[in-house]
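The figures here come from the full heavy-atom set of this structure, side chains too, leaving out hydrogens, waters and symmetry mates. Chain A is the first sequence line, chain B the second, and so forth, proteins listed ahead of strands; every chain is numbered from 1.
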Number of protein chains: 2
Amino acid sequence: MEQITIKEVAKLCGVGVSTVSRAINNHPDINPETKQKILDTIREYNYVPNNSARNLKRTDSNTIAVVIKEISNSYWGVMLHVLEREVRDRKYCLVLQNVADDEDEVELALQLEKEKKVKGIIFLGGMYNYDESRLRMLIVPYVISGSGKTVPEDTGTYPKSALVTTDTEIESQSMVDYLCSCGHKRIAFITSGDEGLGRCHLNGYKRSLEKNGLEYDEKLIIRLKPGKRIYTIENGYNCTCELLKSGVDFSCIYAISDTLAVGACRAVIDSGKRVPEDYCVAGADGQDIAEYYHPSITTLKYPRVEIALQSVRTLFDLINRKKVVKRQILGGTLIERESTRKL
Amino acid sequence: MEQITIKEVAKLCGVGVSTVSRAINNHPDINPETKQKILDTIREYNYVPNNSARNLKRTDSNTIAVVIKEISNSYWGVMLHVLEREVRDRKYCLVLQNVADDEDEVELALQLEKEKKVKGIIFLGGMYNYDESRLRMLIVPYVISGSGKTVPEDTGTYPKSALVTTDTEIESQSMVDYLCSCGHKRIAFITSGDEGLGRCHLNGYKRSLEKNGLEYDEKLIIRLKPGKRIYTIENGYNCTCELLKSGVDFSCIYAISDTLAVGACRAVIDSGKRVPEDYCVAGADGQDIAEYYHPSITTLKYPRVEIALQSVRTLFDLINRKKVVKRQILGGTLIERESTRKL
DNA sequence: TTGTAAGCGTTATCAT
DNA sequence: ATGATAACGCTTACAA
């Protein structure tokens, strides 16, 4: 079974290749009968146009790329779903590009641009320590979504990029503020040890302590080793177990993701203590599980669907050379649930 | 900032295009100095080869495609992670193709084959009601992984496809057997309303009831509407709430995914009842949350990592024309946890 | 309405 | 070791 080409279809139908091309691409100037015959033949012989050849020739490809830092993270679930739907509604294709922990998202994006002639790119996750000079080499418009702190300024006539995200530092600060307001003086903090997201969260944590006149104690900070799959329940569980065993004094645990918080809750429960009576637990990011866990978990609900929606809209605005808001910072919502209480 | 081509690089360096090509592709027959100079120029001008042109010319592309039914499902998380790593270790690239609920995975695979010249395909999810004649049109080897019931027989000299999965029907049957052995006579069943996976689970459920001499009652069956995002906690929660309100008599709920089971647990808890004292709950698929939920949830642990690993291995065996086991059915493990008890 | 032919940016086969 | 040049499969002027 060999790959059949447009030439052979043309021969089969006794027409020229351009006629076949016209049939495929719904050009108007073609005899309906000829077109039908060609389409039938295509179906019969299972001809599929070679997209490499198409892309080589075409200037546009109607493809949007989503570049995701660690796609296996359950956090992206809904967002992916929304992006997929929105892009399809606009009759575009979506290609997903995973970025492993040790890969550079900008380099991958640069590749994609050439390779797939994508019309636009959405970055999901990462984008904290990117090389701006490399990023500027991107010709197509892009949106940094649900992560990152900033985008490069525009230099050309049209805006080329935008940021749609939450402000991690401020959000985390507000959570710690809340926990302080509950009367906690010693808040254990489970964060990522990297210099990107983890650093932002930590800054928020520190700022809040300072504001609330509390002392910062390095012993309360648990830094998850950067490496693959940080945001797992298991990780939250294990480090909380160690924390509990260590004998360090604290009354509350704040984890920067809900999955980590779930692990923390279970670790507390398994140690024979109760949440929130013995230890309070708070998470962040607002995944479903925080709402349905028992006890339900106090969290910062990030507007993930909104971010996804707005990212797509903004990207298409960029593509269509409309004016856009360069930096959209969407606020999260602190949701008090059963896992925390006033002391 | 225009896209620079190989021709311009050649001109810039005062060499022919083939020399540049040799430099890029690490061909041996090139003067190291020339090569260095070319590489420097490439770096300076940020030249990225056009992959469409490359793929057009090349016969191989070193790309593996993973075609996933509903990528937003958290179930795929680890598997995606493993696949990504394994494929990278073998110096191949991975492209992810989402299949929406209303799309046909085989058609998309056919497209991918042409478009990206992929060397092999792994199907994740779906593949229950595929059109075998279309599937046979795939030229590259493929593995149906973690889903599906069967693969087409081989016709050529070399095997072209394989199946690596669990037997849903048998697994579900064993879970219901277990629940019966606990003394449950009326087991509510939350399943997917589709004719694929949902049907397999239901068959297992029915078979078990029959075997255990219990009556099948349609009122106990909750069929989730096919449509997007079936396996959400929220879905499990909502339908359990309705079930509880309906007044139908039952002592146990079995849901075909752990996320659904989590929702069921919370619904029971919110109704003022306890798990497992008032209602037992069992899930299936073995996601982390089942282990860490409170109460932890009895489930069927599918060997997801094993399936992913074995799928990659098998795919590369197919690619390298080695003999493979056509149908690898890996068994799940029933894990008794806190959410069920003997009556 | 249709066919012919010139690219698109590569790689590979020849010569040199 | 290097440079022309012919594909690769398609789209699109341009001609007919």
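- Side-chain nitrogen and oxygen atoms of A:N25 include at least one within less than 4.0 Å of the OP1 or OP2 phosphate oxygen of D:dT11.
- Backbone-only contact: B:T34 has heavy atoms under 4.0 Å from sugar-phosphate atoms and none from a base.
- A donor-acceptor contact shorter than 3.5 Å is absent between the side chain of B:S21 and the backbone of B:V17.
- A distance of 6.0 Å or more separates the ring centres of A:F123 and A:Y130.
- Each of B:V15 and B:L56 has a nearest nucleotide on DNA chain D; the 5'-most of these lies closest to B:V15.
- The CD1 atom of A:I38 sits 12 Å away from the P atom of D:dT11 (whole-angstrom rounding).
- Taking 4.0 angstrom as the limit, A:S21 places none of its side-chain polar atoms (N or O) nearer than this to OP1 or OP2 of D:dC10.
- At whole-Å resolution of the value, CD in A:E33 and C1' in C:dT2 are 14 Å apart.
- Here D:dC10 presents its P atom at 10 Å from CD1 of A:I42, a figure rounded to the nearest Å.
- Between the CZ atom of A:R22 and the P atom of D:dT12 there is a distance of 11 Å, given to the nearest Å.
- Spacing between atom NE2 of B:H27 and atom C1' of D:dG3 amounts to 15 Å, rounded to whole angstrom units.
- Atom CG in B:N31 sits about 7 Å away from atom P in D:dA1, given to the nearest Å.
- When distances are taken from the side chain of B:K7 to each of C:dT2, C:dC8, D:dG3, the shortest belongs to C:dC8.
- Of the side-chain N and O atoms in A:T19, one or more sit less than 4.0 angstrom from OP1 or OP2 of C:dG3.
- Taking every side-chain heavy atom of A:Y47 into account, D:dC10 is the closest of D:dC10, C:dA5, C:dT2.
- At a cut-off of 3.5 angstrom, counting only N and O atoms as typed in the model, there is no donor on one side facing an acceptor on the other between the side-chain of B:S18 and the base of D:dT5.
- Judged by distance alone, with hydrogens and angles left aside, A:K57 brings a side-chain donor or acceptor within reach of the base of C:dG7, the pair sitting under 3.5 Å.
- Relative to the side chain of B:N50, the nucleotides C:dT10, C:dT2, D:dG9 differ in distance, and C:dT10 lies closest.
- A salt bridge links B:E103 to A:R88: at least one charged side-chain nitrogen sits closer than 4.0 Å to a carboxylate oxygen.
- When the C1' atom of C:dG9 is taken as reference, atom CD of A:E113 falls 16 Å away, rounded to whole Å.
- Using a distance-only test at 3.5 Å, with no hydrogens or angles considered, no donor-acceptor pair links the side chain of A:K69 to the main chain of A:N98.
- Distance, B:K11 NZ to D:dA4 P: 12 Å, rounded to whole Å.
- Base engagement by A:D29 is indicated by at least one non-hydrogen atom pair under 4.0 Å involving a base atom.
- Salt bridge B:D104/B:R134: absent, no basic N to carboxylate O contact under 4.0 Å.
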